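The basis for the numbers below is simple: all heavy atoms, side chains too, and nothing from hydrogens, waters or symmetry mates. Proteins come first, then strands; the chains are lettered A, B, ... in the order of their sequence lines, and each starts at number 1. What you see is a predicted model, and the numbers here were worked out from it, not measured in a lab.
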Amino acid sequence: MASIRELGTDQKNYWCPGCGNFGLLNGVKRAIVRLGLRRDQVTAVTGIGCHGKTTNYLAVNGFHVIHGRVLPVATAIKLANKEQTVIGFAGDGDAFGIGMGHFPHAARRNPNITLVVHNNLIYGLTTGQTSPTTKLGHVTKTSPRGAFEEAINPISTALASNAGFVARGYVGEMDHLVDLMEEALRFRGFALVDILQPCVAWNRINTYDFYNKRVYKLGESGHDPTDLTAAYERAEEWSERIPIGVFYKVERPTYGDNFPVLAGEPMVRKKLDSGKVAKLISEFA
Amino acid sequence: MASIRELGTDQKNYWCPGCGNFGLLNGVKRAIVRLGLRRDQVTAVTGIGCHGKTTNYLAVNGFHVIHGRVLPVATAIKLANKEQTVIGFAGDGDAFGIGMGHFPHAARRNPNITLVVHNNLIYGLTTGQTSPTTKLGHVTKTSPRGAFEEAINPISTALASNAGFVARGYVGEMDHLVDLMEEALRFRGFALVDILQPCVAWNRINTYDFYNKRVYKLGESGHDPTDLTAAYERAEEWSERIPIGVFYKVERPTYGDNFPVLAGEPMVRKKLDSGKVAKLISEFA
Amino acid sequence: MMGSPTALENRITFLIGGEAGQGITRGGSVLGRSLTRAGLHVFGTIDYPSIIRGGHNFYTLTVSGKEVYAPDDMVDLVIALNKETALLHLHALRKGGGIVYDERIDFEEGEIPEEGVKLFSIPLTDIVKEVKGPPIMRNTVALGAALALVGLDTKHLEGVIAEAFAGREKVVESNVSAIRMGHDFAWAHHEFDGRFKTEESSPDRIMVTGSEAIALGAIGAGCMFYSAYPMTPASAVLHYLISKDQETGMIVIQAESEIAAVTMTVGAAYAGLRSMTGTSGGGFCLMTEGFGLAGATESPIVVMLGQRPGPSTGMATYTAQADLLFAIHVSQGEFPRVVVAPGDVDDCFTRTVEAFNLAEKYQIPAIILADKHILESHQSTQPFDDETIEIERGELIDVDEWTGEGEYKRYEITESGVSPKIILGTRGATMLANGNEHDEYGFTTADPVGVVAMADKRFRKSPRLVEDINGLEPVKVYGGSDPDVTLVGWGSTKGPALEALKLLGEEGINARFIQIVYMEPFPSEAFAKAMEDGGKSMLLETNITNQLGRLIKEHTGLGFDKAWAKYDGRPFNPGEIAAEARRLA
Amino acid sequence: MMGSPTALENRITFLIGGEAGQGITRGGSVLGRSLTRAGLHVFGTIDYPSIIRGGHNFYTLTVSGKEVYAPDDMVDLVIALNKETALLHLHALRKGGGIVYDERIDFEEGEIPEEGVKLFSIPLTDIVKEVKGPPIMRNTVALGAALALVGLDTKHLEGVIAEAFAGREKVVESNVSAIRMGHDFAWAHHEFDGRFKTEESSPDRIMVTGSEAIALGAIGAGCMFYSAYPMTPASAVLHYLISKDQETGMIVIQAESEIAAVTMTVGAAYAGLRSMTGTSGGGFCLMTEGFGLAGATESPIVVMLGQRPGPSTGMATYTAQADLLFAIHVSQGEFPRVVVAPGDVDDCFTRTVEAFNLAEKYQIPAIILADKHILESHQSTQPFDDETIEIERGELIDVDEWTGEGEYKRYEITESGVSPKIILGTRGATMLANGNEHDEYGFTTADPVGVVAMADKRFRKSPRLVEDINGLEPVKVYGGSDPDVTLVGWGSTKGPALEALKLLGEEGINARFIQIVYMEPFPSEAFAKAMEDGGKSMLLETNITNQLGRLIKEHTGLGFDKAWAKYDGRPFNPGEIAAEARRLA
Ligand SMILES: Cc1ncc(C[n+]2csc(CCOP(=O)(O)OP(=O)(O)O)c2C)c(N)n1
Ligand SMILES: Cc1ncc(C[n+]2csc(CCOP(=O)(O)OP(=O)(O)O)c2C)c(N)n1
Ligand code: SF4
Ligand code: SF4
Ligand SMILES: [Mg+2]
Ligand SMILES: [Mg+2]
């Protein structure tokens with residue numbers, strides 16, 4: 001069982017001082033520790049962006065992939081070795097911009113993986129362009145007159161895509177975040193944890209201060225996470241009050257449950273057997 | 001103003017006898033006629049699939065593009081010539097499989113175009129594979145034990161993406177379909193018309209008979225199309241009763257409204273002027 | 001009446017034509033399989049537009065007591081399920097050939113020439129009605145009739161049909177009746193010279209398509225993961241593998257797009273599975289970035305690229321070899337890769353196994369470059385021998401072999417350039433793969449010395465890879481020494497070229513065919529050697545810019561006396577090749 | 001103390017270094033612009049890892065009274081905003097060079113050699129405190145000091161800063177004070193020999209990056225639509241164009257992905273707009289299918305491909321020329337296309353205009369193949385002349401010119417291969433574009449004769465396209481006749497190669513540089529001619545497999561005495577080229 005220290009690497013950390021990613025990484029590490037997992041039992045898949053540096057700093061199995069493709073890679077890895085706890089780390093641009101084509105599909109498939117979205121409402125690594133989650137009116141490098149496309153709402157998008165576990169965390173609420181991550185990692189199925197992660201370099205609107213004034217916990221508000229309609233309604237809140245916590249949670253068979261070949265040992269453990277083909281060949285006589 | 005006959009081409013029609021696409025095309029033509037548009041005032045953009053043959057049979061401007069890219073092409077065409085009535089024709093696979101990465105973005109941008117989805121819940125042209133809209137348990141060429149991924153729900157996906165006009169039609173209800181298409185085409189903003197289109201070759205479950213027994217009209221059911229929560233709830237209905245009509249309709253500024261350069265004549269009419277660059281060059285002194 | 005030339009040499013060509021939806025491919029392949037069981041050799045190919053119902057489809061099946069590599073240019077027996085078929089293919093009917101058709105079809109005067117064409121009217125519709133079958137069964141009746149005309153019994157046809165409808169007694173029964181009634185009617189009323197001598201038979205053969213052979217190759221190679229998005233002509237591999245997933249223990253997925261398909265494949269490879277995807281040009285475009293990810297992360301994946309005519313969506317159901325240079329140079333940056341182009345169903349099987357071995361041994365991506373003609377055509381052959389398969393996993397460290405000392409370095413700088421790879425989940429070891437440039441551990445770096453070291457490591461694989469490939473017959477030579485003319489081609493051109501050699505041989509022209517199998521790394525020496533003393537040379541490719549020719553030029557400086565570019569979406573015909581070669585020789 | 005060699009020839013190289021976030025690029029470019037205004041020639045380039053804060057960044061700026069094509073290998077004056085910078089670049093400091101640094105930095109004994117290095121300690125932090133500026137302003141103080149050291153006043157620097165903060169009086173004021181205090185402190189306390197003679201000055205020049213030059217070229221060419229997804233090093237074009245959209249009247253869009261970006265671009269081109277997109281390798285992968293759509297539908301689009309080292313995400317902020325063959329062969333199937341590689345900022349401007357003209361005249365897609373080094377480096381030059389721009393729209397039929405007779409045929413079979421194109425919305429005409437193979441009207445077809453006719457039509461454009469390109473100086477030759485050695489390169493290698501010619505010339509070695517500008521269609525004849533009597537030959541490319549060399553081999557059969565592949569992500573240095581050339585000559 002890895003400790004927080006063991007979950008770190010010797011790599012110099014290059015996130016900006018004060019970046020929300022520090023808290024996020026810390027929260028994830030603490031959840032892994034709570035679950036009592038060894039380093040070799042966890043696989044992290046990261047996209048391209050500031051969030052993507054996570055694989056440099058988290059000492060578990062890792063795959064730093066291409067921009068936007070965290071979900072298909074993570075899904076396949078989970079199928080290949082069902083014993084791994086697979087966590088995807090994506091940016092808001094990574095997950096909902098270039099990677100949008102995969103999100104609803106991962107959600108409806110329901111592989112037993114967790115997707116952590118480092119949602120800073122901006123393109124961090126590429127120096128501050130508009131993100132799909134950037135809110136209306138926000139002036140960025142690529143929206144000089146203010147963003148004018150309605151923002152993608154990760155929560156309602158996940159709900160509409162049949163995701164089984166839909167939650168939002170905030171790096172400024174560490175204990176809550178660790179609880180949330182633990183719950184997500186324990187959830188059997190696809191879990192989205194959209195994490196409010198201030199980018200101190202490029203997003204001067206959605207700051208710690210902005211969130212500290214607004215976030216409230218769904219768990220303390222009487223929200224019923226099995227009520228889809230209520231979840232949709234809470235998902236729309238983003239002004240004076242911003243909910244964090246679990247919006248929706250319902251278990252159903254996972255993607256892996258549907259593959260009979262996954263009943264036994266993990267795929268990666270199976271011996272390759274070229275003999276299996278003989279019978280099939282004979283069917284072509 | 002084009003007549004139904006003028007809207008047809010001399011191309012032999014190769015849809016299977018009985019295919020829902022015939023009705024769909026007919027409905028669209030009738031709506032165009034009702035709007036009193038000339039052939040040169042309408043542009044049809046089609047994806048790849050049986051639906052894609054529409055540009056062969058509809059005598060307006062047309063662009064038969066690549067699989068899944070109806071929306072970005074249609075969006076750009078509308079920006080280039082805002083006077084055109086731009087209609088995208090996509091399959092369920094085209095729009096929600098390979099093309100899923102564009103759908104939520106088109107919806108949130110709100111270009112003044114209409115997307116018609118030929119939703120046959122199957123991959124028609126490629127001979128009957130599972131589609132993202134194929135319902136659970138449906139046995140197809142690529143789901144021999146029955147589809148086990150929750151189907152994409154075009155209606156809730158559109159709602160979650162902030163689409164301004166979200167509707168469902170059925171080719172077996174022609175007058176209703178023509179009304180719906182007319183309303184969609186008149187709508188200022190992004191309009192989704194998801195059309196139930198039986199595929200007689202590959203989908204033996206979602207047949208005319210299946211729909212005839214189930215569809216009911218939202219317009220006759222007291223549904224309020226400005227109520228988002230109600231729209232989400234109706235979107236979930238798909239068993240004994242399947243709603244058709246307008247789920248949701250709210251106008252807001254269109255994508256084009258946000259480009260100051262679109263205030264004047266259509267972009268395609270502007271003369272190219274290389275002189276404009278002189279002042280900009282001087283800024284680099 | 002004089003027998004047709006092919007019939008004389010115990011060879012006959014059928015053409016079954018009708019509308020999409022009339023079961024043309026099914027009919028052709030059922031006939032092909034029956035004749036394969038009869039010990040004959042067959043090659044059958046389908047020509048169809050991208051339309052589900054309607055539109056003219058036809059299946060050409062050449063059958064012989066000797067090996068058949070491609071369908072003949074000319075047809076002996078047309079099985080016309082509609083009138084259009086009879087008229088459209090008259091020009092391809094050999095003198096003395098015949099047309100099997102429903103007696104309800106009326107030919108107008110002059111539509112069919114009075115001489116040289118035999119008309120075999122059969123009450124297809126009436127027989128179907130009699131056995132209470134659906135209209136599509138006219139097909140079956142016609143097959144029975146055709147067998148009678150070529151002098152064969154219906155035993156094997158009945159067997160094949162019975163298996164196809166296994167468990168549905170009634171259906172089998174009515175089909176068998178239909179076959180027999182068709183056969184007996186033709187036997188009683190018609191006569192045709194194309195009788196087979198089955199003593200030349202070679203029994204116990206199989207008939208497969210290229211797609212099936214590739215799928216079987218993948219299964220034999222131990223592929224455990226296949227993820228793809230449907231696209232003609234690659235879909236059949238997906239369909240076959242998904243239909244057999246429980247027997248093979250393979251995970252087979254229809255992904256949401258080609259981007260997902262290839263990146264899933266890379267993910268599975270990272271974890272330690274042999275994994276594969278398949279697509280055609282448009283989908284391959286979408287895989288290019290994921291392909292590069294495999295290259296950068298040294299993840300062994302296999303991509304089957306089934307070519308069809310482009311550009312863009314082009315002609316979905318036709319054939320071409322126009323993606324060669326795209327495939328070789330695909331993705332940004334540089335890394336070793338393999339591109340192998342099978343030329344027949346045997347190649348499809350064995351070369352697929354090779355692709356998996358090379359990919360895993362060198363931890364690189366491999367492309368199997370096929371095309372519609374090879375993927376969708378049926379060919380009879382000796383059953384593939386699974387005993388010949390050797391699975392070489394290279395430096396993959398088994399879970400139990402990991403010693404657990406020190407931190408595992410995914411990208412250890414080694415002399416061979418290959419870094420030993422563990423299986424994901426190996427106790428005590430973590431594995432970091434990284435598509436950014438990285439150090440030995442997989443951590444991102446842009447250090448100018450480190451990145452050169454890593455690039456050099458990757459390219460150090462090349463010499464051994466080239467050596468391996470040289471041992472795999474990367475260039476195959478058919479025909480004798482000191483030829484008058486040498487034909488050069490690749491992929492599905494092999495079949496018609498081999499048939500052309502026979503035709504030329506009959507005329508006393510000594511011809512050679514060089515098949516280039518490995519396109520990357522390019523087997524320059526083997527090819528240059530094969531070209532020695534070859535007489536006049538002719539390059540054959542179904543593309544416009546002679547892509548193989550350009551590759552050959554780059555690698556060997558060699559040119560051709562004639563470079564033939566065919567690009568109408570159809571494969572070469574043996575006859576047209578022979579004619580061109582004759583002109584040149 | 002002896003002046004450094006460059007100082008003697010009125011040339012000096014600055015290096016400004018520090019952490020990401022300390023405003024290194026800003027500082028370097030502000031200095032470069034000031035010196036440009038002073039009538040000097042500059043070339044400045046930035047080296048930085050893909051990190052927002054922290055990590056070592058440095059900007060190298062070479063300034064001279066004569067043309068500068070690349071930064072020098074050796075530095076005269078290091079402006080060290082942190083200690084690391086001073087230490088890291090000592091090796092590149094010319095003998096007699098100096099280091100400007102904050103007096104608060106303490107060098108330990110032995111860290112800086114006692115001889116040959118001048119230490120210019122400046123109270124950067126104290127001055128910033130005095131003017132109540134933010135820490136980042138130490139940069140500004142240092143620039144003031146540096147100007148004093150090279151004997152220049154601060155007039156232009158103040159001007160540039162004032163414009164940058166226009167409207168923010170207070171900020172301007174404190175910056176100006178900071179500049180002056182830095183200047184005056186250095187003037188009073190330090191001495192350095194690298195004084196500029198500004199009499200060699202050439203006033204009224206501009207300083208731009210390659211990105212800016214390409215953006216300006218696009219604006220000048222009448223581009224009306226730009227859609228892109230951010231990606232280093234292409235993003236700057238997007239940023240610039242979006243910041244000017246109201247002045248230019250261009251629609252500029254940040255798309256949701258590169259797939260959307262390119263297909264939007266194709267849609268706009270179909271409608272009749274000059275349209276463009278820009279990206280780097282990974283994004284280009286995602287554009288390949290849309291690029292093919294442009295090819296098949298004959299939609300004139302321009303794609304700017306800003307190369308960076310691959311494979312895969314590689315090194316986001318470094319440079320390479322490793323996508324050449326990928327770009328040339330990109331997308332399935334075959335169609336004419338243009339690939340042009342600018343070599344300096346002037347090329348960036350003029351070749352972009354050419355790309356638009358060729359694309360539209362031939363209704364084909366064009367690629368501008370740039371790289372990070374050219375896109376992000378600053379170069380001073382004569383202001384681009386918009387009067388020289390000729391917009392050639394080819395056979396585009398103006399809205400009012402349409403006669404309205406008969407049905408419009410988008411793909412009319414013409415002798416030239418170009419089919420007259422209308423603008424979408426032309427009254428009385430409808431236009432059908434189709435990515436499937438099509439007939440003259442645009443309707444889908446797979447007819448074997450029709451599809452060949454359409455492919456032939458497309459390729460009939462090639463001869464005239466080649467002719468046009470031959471008229472556009474597709475190969476440029478620098479240096480004298482009968483050289484000892486000929487250097488061959490492309491893209492951003494031009495700058496260091498031209499500097500190397502100078503260095504070699506000083507040593508009496510007669511060298512020539514051949515720049516290949518058009519890569520596709522490849523200007524074989526022009527290149528072969530340029531190579532005549534060139535002495536020894538050396539190929540220079542920042543890739544591993546010498547991609548241009550392979551292209552040259554394919555097209556001309558020519559080889560090189562030396563082919564130099566550099567692939568550490570850094571551009572060539574003039575000095576290293578000269579050294580290699582010397583060895584060869
Ligand atoms: C195919 C491709 N397109 C574009 C890029 C450039 N790119 C790198 S990171 C990034 C976006 C970063 O935004 P986000 O995903 O929100 O991550 P963050 O940096 O904010 O964590 C982009 C556009 C890329 N690497 N690959
Ligand atoms: C990039 C790419 N991938 C795959 C295909 C093959 N393909 C053609 S149509 C189609 C799906 C058709 O399904 P749908 O979009 O629902 O249309 P339908 O035929 O049902 O109208 C596919 C996968 C393609 N043309 N391009
Ligand atoms: S740019 Fe933003 S997201 Fe990236 S490291 Fe800095 S603060 Fe964090
Ligand atoms: S396959 Fe289905 S969708 Fe396609 S034409 Fe036939 S019935 Fe219509
Ligand atoms: Mg972000
Ligand atoms: Mg469909």
Side-chain angles (χ1 to χ4, degrees), chain B residues 11-19 21-22 46-53 56 63-69 91-103 120 122-134 139-145 147-149 152 199-203, chain C residues 19-22 25-26 48-57 84 135 226-247 252-261 279-287 306 308 310-317 376:
Chain B
Q11 297 290 297
K12 183 160 181 321
N13 190 312
Y14 280 115
W15 284 323
C16 307
C19 172
N21 282 327
F22 287 101
T46 53
I48 302 292
C50 291
H51 62 276
K53 297 197 203 294
N56 259 27
F63 199 166
H64 188 33
V65 300
I66 44 181
H67 192 33
R69 314 306 165 196
D92 38 310
D94 200 80
F96 302 113
I98 195 168
M100 178 57 104
H102 309 296
F103 184 84
N120 52 14
I122 201 85
Y123 280 23
L125 190 63
T126 44
T127 72
Q129 297 88 357
T130 313
S131 152
T133 59
T134 300
V139 172
T140 75
K141 217 175 242 182
T142 49
S143 53
R145 290 178 292 279
F148 51 72
E149 306 172 34
I152 289 286
C199 167
V200 298
W202 307 110
N203 187 334
Chain C
E19 282 193 5
Q22 287 191 310
T25 305
R26 176 126 205 114
Y48 65 107
S50 184
I51 286 165
I52 302 301
R53 296 276 178 275
H56 181 61
N57 283 15
E84 193 188 6
Y226 189 88
S227 172
Y229 186 78
M231 187 161 194
T232 309
S235 308
V237 174
L238 171 66
H239 298 160
Y240 182 73
L241 290 177
I242 220 164
S243 75
K244 297 293 180 190
D245 66 346
Q246 283 187 270
E247 281 151 273
V252 187
I253 292 176
Q254 178 182 335
E256 64 270 33
S257 68
E258 289 87 353
I259 297 179
T279 186
S280 186
F284 187 68
C285 281
L286 296 172
M287 292 189 179
R308 66 192 214 189
S312 202
T313 311
M315 290 189 276
T317 56
E376 298 196 348

(request) Can you tell which part of Leu286(C) gets under 4.5 Å to a heavy atom of chain B, answering side chain, backbone, both or neither? (result) side chain
(message) Please classify the contact of Ile48(B) with chain C as side chain, backbone, both or neither, using a heavy-atom distance under 4.5 Å.
(response) side chain
(message) Taking side chain as everything from C-beta outward and backbone as N, CA, C, O, which of these in Cys19(B) sits under 4.5 Å from a heavy atom of chain C? Side chain, backbone, both or neither.
(response) neither
(message) Tell me whether the count of non-hydrogen atoms from other residues, nucleotides or ligands lying under 6.0 Å of CZ in Arg53(C) goes above 12.
(response) yes
(request) Spell out, as yes or no, whether a donor-acceptor pair under 3.5 Å connects the side chain of Gln254(C) to the backbone of Thr130(B). (result) yes
(message) Any heavy-atom pair between the side chains of Glu256(C) and Pro132(B) that's under 4.5 Å?
(response) no
[X] [atom1] to [Y] [atom2] distance, which is reported to the nearest 0.5 Å:
X         : Y         : atom1 : atom2 : answer
Cys16(B)  : Ile51(C)  : SG    : CD1   : 10.0 Å
Met231(C) : Tyr123(B) : CE    : OH    : 12.0 Å
Ile242(C) : Lys141(B) : CD1   : NZ    : 12.0 Å

(request) Taking salt bridge (charged side-chain N to carboxylate O under 4.0 Å, His left out) as the test, write out the residues that go with Glu258(C), two or more places apart. (result) none
(request) Give the minimum heavy-atom separation between Cys50(B) and Ile52(C), together with the two atoms involved. (result) SG-CG1, 4.2 Å
(request) Could you please spell out the steps behind the side chain to side chain contact (heavy atoms under 4.5 Å, CB included) verdict for Ser235(C) and Thr127(B)? (result) CA-CA 10 Å; Ser235(C) 308; Thr127(B) 72; over 6 Å; no
(request) Please determine, among Glu149(B), Met100(B), Lys53(B), the option with the most heavy-atom pairs under 4.5 Å with chain C. (result) Lys53(B)
(message) Please rank Ile253(C), Asp245(C), Thr317(C) by heavy-atom pairs under 4.5 Å with chain B and give me the top one.
(response) Asp245(C)
(request) Kindly determine whether His64(B) and Thr313(C) satisfy side chain to side chain contact (heavy atoms under 4.5 Å, CB included), including the steps that lead there. (result) CA-CA 10 Å; His64(B) 188 33; Thr313(C) 311; over 6 Å; no
(message) Which label fits Tyr229(C) and His67(B): parallel for a plane angle under 30°, tilted from 30 to 60°, or perpendicular past 60°?
(response) tilted
